[in-house]
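We number each residue from 1, following the sequence as shown. Computed from a predicted structure; not experimentally measured.
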Amino acid sequence: VTNEEMEQLTSLHWHGLRVPIDQDGPSEVMNKGDEADFAFTLNMTGTHWYHPHQRPILPQLNTGLYAPFIVKEDYDSEYAGDYVLTLDDWTLDSSNKIDLESSMGSDVIGNLETVNKRSGNDIYPITLKQGEIVKLRFINASTAQTHTISLTGHSFRITHLDGHKLLEPYTVQSIRIAPGERYDAELKGIKSSGTYYIRNTRSYGMRIPVIYEGVGEDMTSPFIPGESEAFPGLEGKAPDKIYTLSSNSTHWTINDKAYIDDAPTKDIDIFNAELNKVYIFRFDNVDPGRMMSTRYHPMHLHGGHFQVISINGEKPPREMWKDTLEIPPNEYIDVAVKFYYPGDWMLHCHIIDHEDGGMLTMVHVPDPSGTPLPEHHM
């Protein structure tokens with residue numbers, strides 16, 4: 001990876017991939033002209049993405065410095081089409097040019113929405129025939145907006161969450177995708193002709209055409225469900241760590257502490273974990289809310305996926321594995337996690353204003369051999 005032109009420091013995080021800490025990205029900081037070499041073995045399939053992770057993250061991510069990272073299954077080629085749909089939003093000024101200055105405030109949601117950085121009639125269409133099944137890979141690259149998308153008269157069959165294949169796919173009429181999340185969905189053709197549109201509830205330019213081109217083969221889904229990876233023996237177990245998500249007049253906080261540029265790392269609430277041991281984390285959203293900000297917090301953990309084990313004390317409807325999980329206001333969610341590599345693993349809100357504003361901490365997993373961890377740049 002080369003920082004060819006930017007005068008600012010940058011780094012690159014492989015969002016969703018389980019890789020060693022020295023390959024995760026934030027420790028490899030690049031000045032203009034610098035290079036960073038990455039080498040890792042892909043041990044997982046699915047829809048992932050990569051983006052900068054040098055604080056403040058917002059100025060670079062907000063200019064579109066990101067891209068999908070897709071690791072395909074053998075059966076993915078059996079779909080009638082495989083579409084990557086990266087969702088974002090931008091703020092336009094009065095002359096219809098991107099206004100980055102006004103996009104640097106609190107939880108800014110733009111007045112133009114894009115799919116793969118295209119808007120309106122420039123968005124590439126999805127084409128299929130009646131009976132065919134296409135695969136849709138949704139990635140939310142927005143810095144603050146949660147997208148809720150639907151297609152009139154149609155349903156989506158969800159097969160993957162954050163790139164992790166489900167044991168039990170499920171069908172929905174709309175999909176809510178928080179910043180940083182990914183959803184893989186199947187769409188089966190039920191018409192023979194006509195153009196329909198996948199829309200966001202806000203619909204500021206997000207109008208993905210679905211064009212029918214006649215009658216085709218009546219397909220069955222090629223998706224092969226995953227096998228259970230559930231951690232045993234967690235029923236009734238108390239959390240090992242509670243993360244209370246909140247905000248005050250100046251910062252977003254985890255356990256009433258904010259990681260800010262002029263604060264040393266020791267001032268955040270670091271959790272010390274052991275390698276290959278299962279822990280339960282509770283995310284408890286008590287955020288009272290700040291003016292012009294959302295109280296939802298999509299929490300992202302570096303280092304791998306976690307199992308969702310309870311939502312407000314109730315067992316989830318299916319086995320769910322996530323690396324980014326939206327925590328609604330006045331609710332709590334318990335997850336189980338195991339770290340497969342030593343490292344100082346970031347845990348933060350993926351609304352980037354919140355992350356830059358302090359809602360970030362770390363999980364410290366020492367190397368049993370005593371090998372020092374790489375210097376960590378936040």
Side-chain angles (χ1 to χ4, degrees), residues 13 15-16 21 24 26 53 55 57 107 144 146 161-162 178-181 231 234 236-248 250-260 263-274 277-290 293-316 320-339 343-366 376 378:
H13 168 52
H15 185 127
I21 189 64
D24 187 52
H53 218 289
R55 284 170 49 90
I57 298 173
D107 295 18
T146 292
L161 300 176
D162 290 350
E181 287 187 320
F231 297 122
L234 300 182
K237 185 179 177 184
D240 297 286
K241 181 67 174 179
I242 297 176
Y243 292 105
T244 302
L245 314 177
S246 191
S247 62
N248 53 42
T250 56
H251 298 106
W252 282 274
T253 63
I254 297 177
N255 294 341
D256 295 323
K257 296 184 178 182
Y259 185 95
I260 53 178
T265 302
K266 64 182 176 62
D267 284 346
I268 60 176
D269 188 7
I270 296 175
F271 181 71
N272 294 296
E274 297 178 17
K277 181 178 178 179
V278 178
Y279 295 91
I280 295 179
F281 293 166
R282 173 171 292 176
F283 299 115
D284 188 6
N285 185 353
V286 301
D287 192 351
R290 294 167 59 182
S293 67
T294 178
R295 298 173 62 203
Y296 287 81
H297 296 296
M299 299 303 294
H300 173 53
L301 178 65
H302 292 219
H305 287 69
F306 47 76
Q307 181 189 355
V308 181
I309 58 174
S310 72
I311 301 172
N312 296 318
E314 300 293 329
K315 186 177 180 180
M320 297 169 54
W321 291 84
K322 299 275 290 170
D323 60 56
T324 309
L325 180 64
E326 186 177 56
I327 316 298
N330 303 318
E331 296 189 17
Y332 68 90
I333 298 179
D334 291 349
V335 304
V337 61
K338 180 165 70 172
F339 293 92
D344 287 322
W345 298 104
M346 289 186 183
L347 171 63
H348 62 86
C349 181
H350 220 279
I351 293 178
I352 304 303
D353 300 290
H354 298 182
E355 183 276 342
D356 284 347
M359 192 171 277
L360 180 151
T361 189
M362 287 194 300
V363 179
H364 175 68
V365 185
H376 208 84
M378 304 293 256

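- Distance CG/Leu161 to OG1/Thr324: 11.0 Å, rounded to 0.5 Å.
- Counting heavy atoms from C-beta on, the side chains of Leu245 and Ile254 come closer than 4.5 Å.
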- Message: Evaluate Asp107 against Ile351 for side chain to side chain contact (heavy atoms under 4.5 Å, CB included), listing each step before the verdict.
- Response: CA-CA 7 Å; Asp107 295 18; Ile351 293 178; 3.9 Å; yes
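- Within 6.0 Å of CG on Asn312 lie more than 12 heavy atoms contributed by other residues, nucleotides or ligands.
- The CD1 atom of Ile280 sits 6.5 Å away from the CG atom of Asp334 when rounded to the nearest 0.5 Å.
- With values rounded to the nearest 0.5 angstrom, Asn255 atom CG is found 12.5 Å from Ile270 atom CD1.
- In this structure, the side chains of Phe281 and Val337 come closer than 4.5 Å at one or more pairs of heavy atoms.
- In this structure, the salt bridge (charged side-chain N to carboxylate O under 4.0 Å, His left out) partners of Lys237, at least two apart in sequence or on a different chain, are Asp240.
- Between Trp252 and His354, the ring-plane angle classifies as parallel under the 30° and 60° cut-offs.
- Side-chain contact between Cys349 and Leu360 is absent, with no heavy-atom pair separated by less than 4.5 Å.
- Looking at every heavy atom in both residues, Lys338 comes nearest to Val278 through CD-CG2, 4.1 Å.
- His348 is not listed as a side-chain neighbour of Tyr259, based on a closest heavy-atom distance of 4.5 Å or more.
- To the nearest 0.5 Å, the span separating CD1 on Ile327 from CD1 on Ile333 amounts to 4.0 Å.
- The ring-ring contact (aromatic ring centres under 6.0 Å, His included) test applied to Tyr279 returns Phe271, not counting sequence neighbours.
- Across Pro316 and Ile309, no two heavy atoms sit closer than the pair CD-O, 3.2 Å.
- Residues Phe339 and Leu301 are in side-chain contact: their nearest non-hydrogen atoms beyond the backbone lie under 4.5 Å apart.
- For Arg295, there are no salt bridge (charged side-chain N to carboxylate O under 4.0 Å, His left out) partners, not counting sequence neighbours.
- The salt bridge (charged side-chain N to carboxylate O under 4.0 Å, His left out) search around Lys241 returns Asp269, not counting sequence neighbours.
- With values rounded to the nearest 0.5 angstrom, Glu355 atom CD is found 10.0 Å from Met299 atom CE.
- With rounding to the nearest 0.5 angstrom, the OH atom of Tyr243 is 15.5 Å from the CG atom of Asn285.
- Between Thr250 and Asn248, the side chains place a donor N or O and an acceptor N or O closer than 3.5 Å (distance only, hydrogens not considered).
- His13 meets the ring-ring contact (aromatic ring centres under 6.0 Å, His included) test with His15, His51, His53, His300, His302; sequence neighbours excluded.
- The main-chain N or O of Thr244 is never found under 3.5 Å from a side-chain atom of Asp256 such that the two would form a donor-acceptor pair.
- Of all heavy-atom pairs between Ser247 and Thr253, the closest is N-OG1, 3.9 Å.
- The heavy-atom pair separating Ala178 from Pro298 by the smallest distance is CB-CB, 3.9 Å.
- Shortest non-hydrogen contact noted between Ile57 and Asp356 is N-OD1, 3.0 Å.
- Here the closest heavy-atom approach between residue Trp345 and residue Val365 is recorded as CD1-CG2, 3.9 Å.
- Evaluation of the salt bridge (charged side-chain N to carboxylate O under 4.0 Å, His left out) rule for Asp287 yields no partner, not counting sequence neighbours.
- Panel note: side chain Tyr332, backbone Gly313; a donor-acceptor pair is recorded below 3.5 Å.
- Counting only distance, with no hydrogens or angles, the side chain of Asp162 and the backbone of Lys322 share no donor-acceptor pair below 3.5 Å.
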